[in-house]
Amino acid sequence: MADEREPVKVLSDDECWALLVEKDFGRLAVSIGDQPEIFPINYTTVEGGILLRTAEGTKLFGVTVNNRVAFEIDDYGATDGWSVVIKGRARALESAADIAEAEEASLVPWIPTVKRNFIRIDADQISGRRVTFGPEPEAEADAS
């Protein structure tokens with residue numbers, strides 16, 4: 001019996017957020033000048049967005065000069081996979097109240113470096129796809 005699952009399923013916003021909550025590793029994409037940059041990061045979800053920590057450097061500079069960012073997570077196994085992409089606006093948290101709230105999220109760096117800066121990404125758009133792996137279907141014969 002053939003697999004009757006659709007090869008590509010568009011995920012709802014709720015399905016995308018559920019996947020984001022389950023994971024803690026993703027990729028942050030920024031654009032500095034005319035150069036794209038992408039960084040692996042650990043993160044946590046917050047109401048309507050993503051929270052991450054960073055040291056001084058390219059990520060922090062990138063969201064300062066151009067706050068339009070993309071954030072992506074994905075996963076796959078032997079038979080299927082999925083990805084979720086957020087497009088939104090990032091900002092470094094500066095107020096004592098925002099930083100105190102961010103510290104309550106218990107987001108700790110994975111590597112032994114000091115990361116005193118919090119960045120929040122507020123989602124403008126979220127999209128996701130679940131894909132089923134398999135062979136490419138046969139092309140239909142030309143009817144002419």
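Just so it is clear, the values below take in all heavy atoms, side chains as well, and ignore hydrogens, waters and symmetry mates.
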Please report the closest heavy-atom contact between [X] and [Y], naming both atoms and the distance.
X: Leu93; Y: Ala102; answer: CD1-CB, 3.7 Å
X: Arg129; Y: Val8; answer: CD-CG1, 3.9 Å
X: Asp122; Y: Arg91; answer: OD2-NE, 3.7 Å
X: Cys16; Y: Gly128; answer: SG-N, 3.4 Å
X: Ser83; Y: Leu11; answer: O-CD1, 4.5 Å

Would you kindly confirm whether [X] and [Y] end up in one hydrophobic cluster when ILVMFWY residues are joined by side chain heavy atoms under 4.5 Å apart?
X: Val65; Y: Ile121; answer: yes
X: Leu28; Y: Ile32; answer: yes
X: Ile73; Y: Val85; answer: no
X: Leu60; Y: Val108; answer: no

Looking at Phe118, Phe25, Phe71, which hits ring-ring contact (aromatic ring centres under 6.0 Å, His included) with Tyr43?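 Of all the options given, the one that passes is Phe71.
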Got a second to check how far [X]'s [atom1] is from [Y]'s [atom2], nearest 0.5 Å?
X: Lys87; Y: Ile126; atom1: NZ; atom2: CD1; result: 12.5 Å
X: Arg116; Y: Glu103; atom1: CZ; atom2: CD; result: 9.5 Å
X: Leu20; Y: Glu72; atom1: CG; atom2: CD; result: 10.0 Å

Atom CD of Glu101 with >12 non-hydrogen neighbours under 6.0 angstrom: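 Not buried by this count: 12 neighbours or fewer within 6.0 Å.
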Can you confirm whether more than 12 heavy atoms, excluding those of Phe61, are under 6.0 Å from its CZ atom?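 No - once you tally the heavy atoms of other residues, nucleotides and ligands closer than 6.0 Å, there are 12 at most.
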Does [X] reach the side chain of [Y], with side-chain heavy atoms less than 4.5 Å apart?
X: Leu19; Y: Arg130; answer: yes
X: Val63; Y: Val30; answer: yes
X: Ile41; Y: Ile119; answer: no

Taking only distance into account, with no hydrogens and no angle test, what donor-acceptor pairs under 3.5 Å do side-chain atoms of residues 45-58 form with protein atoms, sequence neighbours excluded?
unit_1, atom_1, unit_2, atom_2, d
Arg53, NE, Lys115, O, 3.0
Arg53, NH1, Leu107, O, 2.9
Arg53, NH2, Lys115, O, 2.8
Glu56, OE2, Asn117, ND2, 3.4

Set out, in order, the CA-CA distance, both residues' side-chain angles and the distance that settles salt bridge (charged side-chain N to carboxylate O under 4.0 Å, His left out) for Asp80 and Lys9, then state yes or no. CA-CA 11 Å; Asp80 62 355; Lys9 177 188 182 250; over 6 Å; no
Let's go through Asn67 and Arg89 carefully: what are the C-alpha distance in whole Å and the side-chain angles of both, what is the deciding distance for side chain to side chain contact (heavy atoms under 4.5 Å, CB included) to 0.1 Å, and is it a yes or a no? CA-CA 5 Å; Asn67 71 346; Arg89 298 181 189 279; 3.9 Å; yes
